[in-house]
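These notes are about the structure you will find just below.
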Protein chains: 2
Amino acid sequence: MAAREQREIVSRRARPAKAALSQDVIVSAALDLLSQKGMEGLSLRKVAAALDTGPASLYVYVANLDELLSLVLDRALGEVERPNDPAGDWREQLKMLLRSYFTLLIDRPGLAQVALRTIPAGPHMADLTETMLALLTRGGVDVGRAAWALDLLLLHSAGLAAEQDNRRHTSMDTLMRRLKETTDSMPADTHPNIRAAGAELYTGTRERYEWALDALINGVIDTPRP
Amino acid sequence: MAAREQREIVSRRARPAKAALSQDVIVSAALDLLSQKGMEGLSLRKVAAALDTGPASLYVYVANLDELLSLVLDRALGEVERPNDPAGDWREQLKMLLRSYFTLLIDRPGLAQVALRTIPAGPHMADLTETMLALLTRGGVDVGRAAWALDLLLLHSAGLAAEQDNRRHTSMDTLMRRLKETTDSMPADTHPNIRAAGAELYTGTRERYEWALDALINGVIDTPRP
DNA sequence: ACCTGAACACCGTTCAAGT
DNA sequence: ACCTGAACACCGTTCAAGT
């Protein structure tokens with residue numbers, strides 16, 4: 001994949017002060033904006049501004065905003081840590097890979113939303129897919145089930161990351177207050193379980209993720225396809 | 001909740017030809033637009049236009065777009081079928097409830113995206129939460145684990161619905177072609193598992209969902225919290 | 001072939017002015 | 001209290017005109 005990126009670099013002699021435009025440069029600028037300011041900080045116009053040009057210029061390298069987002073996601077996916085010891089514990093290796101994916105999405109506000117919206121296609125996504133299929137196969141799961149399991153696992157990490165990204169802006173207090181408001185406005189005994197669960201509904205970020213990882217893998221392991 | 005909605009109805013004597021504005025009317029119009037035209041068909045300005053008024057008028061009843069989306073989601077959630085036989089099979093009842101939620105999101109293009117973006121708060125969400133907690137408790141799961149499981153299950157249905165909504169616009173052929181393009185452009189033997197999985201990566205909409213439901217519930221059942 | 005300015009058709013939100 | 005027109009500060013995308 002490094003080769004693929006290098007192939008797009010363009011000579012900078014023509015305009016020494018200004019970075020030459022290329023798909024690569026555009027994707028980098030977009031990912032930077034997304035990482036620093038989240039989804040609201042990313043727009044074609046802002047990417048163009050960051051590159052000191054007009055929005056129309058980007059359309060030479062990128063078909064539209066959707067394609068740009070898809071490219072940004074694939075670029076980011078290159079940083080997911082993939083295990084390389086084919087003799088190691090497949091389960092632990094799978095969990096490490098997913099943790100790395102999750103952390104990546106959490107660290108770049110807005111990227112989780114992108115992951116849920118765009119259909120990922122690109123070299124890094126292909127590598128990730130291949131690695132996960134291999135790990136699941138090593139765990140005794142047949143290829144077909146592994147294909148479905150892969151979707152389940154990636155979807156969960158992206159979904160949870162997006163959820164926590166949303167909640168970053170809303171304080172726990174606000175959440176609990178809103179919950180209290182809606183439940184308190186109802187007859188006292190209609191929602192006993194919500195009352196019993198209480199803060200458990202929202203707390204436990206890290207442990208919750210670890211538990212979910214185990215629950216998902218356990219479920220995949222002992223649920224054959226119909 | 002019916003009472004809550006009725007309370008907001010306003011006299012229509014003042015303007016016989018034009019429907020009186022209220023939060024209720026606004027949410028209904030927004031849900032209609034979302035159901036018919038998807039996420040792109042929904043905007044504050046279009047809701048206002050549908051109600052034959054200007055966008056500024058809506059701000060009397062709704063704080064901003066986020067709040068409107070949250071209200072729309074909760075309104076739609078009222079249609080989720082909740083079981084009422086406390087002696088029935090909890091597992092089957094839980095699956096039916098989730099299927100109903102999933103179908104609801106699939107039938108209203110864009111709503112799945114809303115479900116993934118907004119933190120649901122409202123009477124219908126409270127009812128849904130309560131019912132799911134009760135079912136899981138009946139299945140022998142303690143309240144704390146049930147709270148986490150609930151999140152896992154709803155997140156999955158919403159995520160899968162959003163994924164399929166995205167793919168509605170992209171044909172299977174396009175997906176497979178793109179996949180082929182990226183994998184074919186690489187050395188032949190680096191991605192054997194992707195080659196083996198092939199179309200399985202994308203196919204099996206309904207069976208895939210049913211399998212995932214079982215896998216998730218199985219995983220929740222035999223994975224205690226740390 | 002690449003880049004650009006200007007325009008088109010939209011957004012959410014605010015605010016002063018009306019009733 | 002409710003409603004509105006007009007404005008503000010943005011969007012993605014297109015296109016004719018330049019180099």
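Side-chain atoms are counted along with the backbone in the values below, which use heavy atoms only and exclude waters and symmetry mates. The sequence lines fix the lettering, A, B, ..., with proteins before strands; numbering per chain opens at 1.
For the pair A:S57 (side chain) and A:T53 (backbone), a donor-acceptor distance under 3.5 Å is absent.
Residues B:L77 and B:Y101 meet the side-chain proximity criterion, which asks for heavy atoms closer than 4.5 Å. At a threshold of 4.5 Å between non-hydrogen side-chain atoms, the residues B:L69 and B:M39 count as touching.
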Working note: A:R75 + A:S28, criterion side chain to side chain donor-acceptor pair (under 3.5 Å); need CA distance, chi angles, decisive distance, verdict. CA-CA 8 Å; A:R75 164 73 62 88; A:S28 293; 2.8 Å; yes
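Distance check on atom C1': D:dA9 versus C:dC10 gives 13 Å, rounded to whole Å.
Within a 6.0 Å radius of CD in A:E81, no more than 12 heavy atoms belonging to other residues, nucleotides or ligands are found.
In this structure, B:R108 pairs ionically with B:E79, as a charged nitrogen and a carboxylate oxygen lie closer than 4.0 Å.
In plain terms, the two heavy atoms of A:A161 and A:I106 that are nearest each other are CA-CD1, 3.9 Å.
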Treating primed atoms plus P, OP1 and OP2 as sugar-phosphate and everything else as base, which nucleotides of nucleotides 6-19 of chain C get B, S or - for protein heavy atoms under 4.0 Å? -B---BBBBB----
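When the C1' atom of C:dT4 is taken as reference, atom CG of A:L51 falls 15 Å away, rounded to whole Å.
Residues meeting the salt bridge (charged side-chain N to carboxylate O under 4.0 Å, His left out) test with A:R99, sequence neighbours left out: A:E92, A:E210.
An OP1 or OP2 oxygen of D:dT4 is reached within less than 4.0 angstrom by a side-chain nitrogen or oxygen of B:T53.
Stem analysis of DNA chain D (Watson-Crick or G-U pairs, both distances under 3.5 Å, runs of at least three) returns C:4-8 with D:12-16, C:12-16 with D:4-8.
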